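In what follows, a single structure is set out as structure tokens and then discussed.
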Amino acid sequence: MSKPDVTPPSHFIRQIIRKDLDAGKNSGRVATRFPPEPNGYLHVGHAKSICLNFTLAQEFGGTCNLRFDDTNPEKESQEYIDAIQRDVKWLGFDWNGAVRYASDYFDALYNYAVDLIKQDKAYVDELTADQIREYRGTLKEPGKDSPFRCRSVEENLARFEDMRSGKLEEGKAVLRVKIDMASPNINMRDPVIYRIKKAHHHQTGDKWCIYPMYDYTHCISDALEEITHSICTLEFEDHRPLYDWVLDQLDVPCHPQQIEFARLNLNYTVTSKRKLKLLVDEKYVTGWDDPRMPTIAGMRRRGFTPESIRTFCEMIGVTKSDGVVDVGMLEFALRDDLDKRAPRAMCVLNPLKVTITNWEAGKQQMLTIPSHPKDESLGVREIPFTRELYIDQTDFMENPPKDFKRLVPGEEVRLRGAYVIRCDEVIKDANGNVIELKCSHDENTLGKNPEGRKVKGVIHWVPAQESVPVQVRLYDRLFNNESPDSGDKNFLDFINPNALVVVDNARAEPSLAKATSTIAFQFEREGYFVKDDADSTGGKLVFNRTITLRDTWGKG
RNA sequence: UGGGCCGUCGCCAAGCGGUAAGGCAGCAGGUUUUGAUCCUGCCAUACCUAGGUUCGAAUCCUAGCGGCCCAGCCA
């Protein structure tokens, strides 16, 4: 059995934690959190963060919270909250205690804001959004103070109350923290920490019409949950001084350490919630769980196993250098896992009728075939061998290329798990299309090789009558460009029109009629497939191709 | 001289002053009733560049070069 040789990864975050533990920080406690905003479904990129946070906690005997960063009710919904929890669980992780919400802390956050105002470290600004932007300055020029910056504590308290009570309209005022309008770090130029949004919140209802901003909310939420290591992606590096500043002004239980790592970039893939949402909203795909989507839900429906995703996350490592991982690595982890666990079965995608002329009509021989070539614990399945069979059209050629190892006129081929047959006659229709093959079998080749000759190929087959009709959906990469998302390209231009090819007339071996979506099968010589529960209705059987088998034919 | 971060094989990534791990991909063989799996071998005199320190540098210093991120009342 193969096992991708994942050297015990000793990435920099692990090292930081180990060092902290050795130094006796946080009294030996390790607490992380995964903090998604419920404004979309989780994707592979999130998987990296989930695996990181949860395994770190596991490894050091700590805890990992699941916290919804729900400070922008206009973009969030319960649907996303439910989907995210489902996906985290499916990946195999259990969060510490109850699900948390930043909105659980809205009261505390509000009181801390009042505290900042009282310390004269926050003020209500009534500049317009445009003015605030102008006053902020540019990357190279310092900003300038708002005329509202020097209001008295009393006036600020009163105006903040006006914001809170709904007296002020949206956009009329914001609460800003008083730091330094000339800071070279734009995030420190008096960032806004509260804005007015007269929106219904999925958790707090209509209790609030002011909502705290990320920078202000996140650090305090972390502190209230007594997180020790607050792991986030690189783009928040510039925000760390603000994270620290806020906590330094307030009387909070602790001061977590923010650590940034490079988010996952995958070639041939788009990992941006905004763009994935667009694919869903504009119906380029059937939904967030479309098997072409790089969402956890899509991958699950496609047939990925949680283990393969976790292994992949281990393989790619954790660093601060922001590179692009080859999607081939994900595919490797997938195949490697599926090869070990997938029961084998046969399914003919493009049926071509074969009649075994020296097999008695009506005679059935039940063949017992192992479900896995190396793992007996997966058991066996039975397939009747009959006079009429189907093989795949691509496994027969009249004028084959040099290295063709399948069936050709006058030659032999092994039917997997059954007999060696010889093609004696090719039947064609009026247009010259091959519609049937008359073959003869060698009865001395069941479970043993013929004497005195080598049979070069093995092909798969199903009995004509006893096989079950199935629809098979052949999935491929959603984008046909390595970086659909880079530069000024429009990722929609690179949607692969062949990312889904539906095969309606496939025939599967009888045992597949009892398949469930919880286990993926290997359709021998074709790839890994999983039953699509959502669309297998009313007796119709639908299988999704998770991934093809590695195919090196013609490469060497 | 706006700030922050990053630069080790085609890709990911160890390395933390003692003389370049590993994985993916690729190549060459072997086994095989899946052109799969599995097994074997090959694959960076070289660590962005140039100087310097040192007996010794991918690791330390200096100066360059290249890439990514930041001007939401998004997260």
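Letters go in sequence order (proteins before strands), and every chain restarts at 1. Atom set for the values below is all heavy atoms of this structure, side chains included, hydrogens, waters and symmetry mates excluded. The structure displayed is predicted, hence computed values, not measured ones.
- Each of A:Gly328 and A:Phe236 was matched to the nucleotide of RNA chain B holding its nearest heavy atom; the match closer to the 5' end belongs to A:Gly328.
- B:C16 is unpaired under the Watson-Crick or G-U wobble criterion, no partner having all donor-acceptor distances under 3.5 Å.
- Only one option out of A:Arg176, A:Arg159, A:Lys172 pairs with A:Glu126 in a salt bridge (Lys or Arg N to Asp or Glu O under 4.0 Å); it is A:Arg159.
- Between the A:Arg414 side chain and the A:Ala418 main chain, a donor and an acceptor come within less than 3.5 Å of each other.
- Checked by distance alone, A:Arg525 brings no side-chain donor or acceptor within 3.5 Å of a matching partner on the base of B:U34.
- Side-chain atoms of A:Arg344 and base atoms of B:U34 include a donor and an acceptor less than 3.5 Å apart.
- Among the nucleotides B:G35, B:G72, B:C12, the one closest to any side-chain atom of A:Phe404 is B:G35.
- Residue contacts for A:His218: at a heavy-atom cut-off of 4.0 Å it reaches no nucleic acid atom on any strand shown.
- Residue contacts shown for A:Lys320 are limited to sugar-phosphate atoms, with no base heavy atom under 4.0 Å away.
- Among B:A71, B:C73, B:G7, the nucleotide with an atom closest to any side-chain atom of A:Ile132 is B:C73.
- With B:C73, B:C69, B:G35 as the choices, the nucleotide that has an atom nearest any side-chain atom of A:Asp551 turns out to be B:G35.
- Taking the centre and axis of the six-membered ring of A:Trp553, the NZ or CZ atom of A:Arg406 falls inside the cone set by 45° and 6.0 Å.
- Rounded to a whole angstrom, the distance from the P atom of B:U37 to that of B:A75 is 47 Å.
- Counted by atom type alone, A:Ser308 and A:Thr311 present zero donor-acceptor pairs between their side chains at under 3.5 Å.
- A:Arg416 comes within 4.0 angstrom of a nucleotide base, judged by non-hydrogen atoms across all strands.
- Checking B:G3, B:A75, B:G35 against the side-chain heavy atoms of A:Asp238 singles out B:G3 as nearest.
- Applying the 3.5 Å distance criterion, the base of B:U34 shares a donor-acceptor pair with the side chain of A:Gln522.
- A:Gly323 comes within 4.0 angstrom of sugar-phosphate atoms only, judged by non-hydrogen atoms across all strands, and of no base.
- Closest to the side chain of A:Met329, out of B:G35, B:G23, B:C73, is B:G23.
- Residue contacts for A:Val455: at a heavy-atom cut-off of 4.0 Å it reaches no nucleic acid atom on any strand shown.
- Proximity of A:Arg189 to the phosphate of B:G3: no side-chain N or O atom is located under 4.0 Å from OP1 or OP2.
- In this entry B:G10 has B:C24 as its Watson-Crick or G-U wobble partner, both defining distances falling under 3.5 Å.
- Listed candidates were B:U34, B:A13, B:G15. Nearest to the side chain of A:Val458 is B:U34.
- Looking at A:Arg550, its side chain has no donor and acceptor atom pair within 3.5 Å of the base of B:G35.
- Geometrically, A:Lys197 does not engage A:Tyr211 in a cation-pi contact defined by less than 6.0 Å to the ring centre and at most 45° from the axis.
- Judged by distance alone, the side chain of A:Arg136 and the main-chain N or O of A:Met181 form no donor-acceptor pair under 3.5 Å.
- Nucleic acid contact for A:Leu127: base, since at least one base atom lies under 4.0 Å from a heavy atom of the residue.
- Looking at heavy-atom distances under 4.0 Å, A:Gly447 makes contact with a base.
- In this model, a side-chain donor or acceptor of A:Gln15 finds a partner on the base of B:C16 within 3.5 Å.
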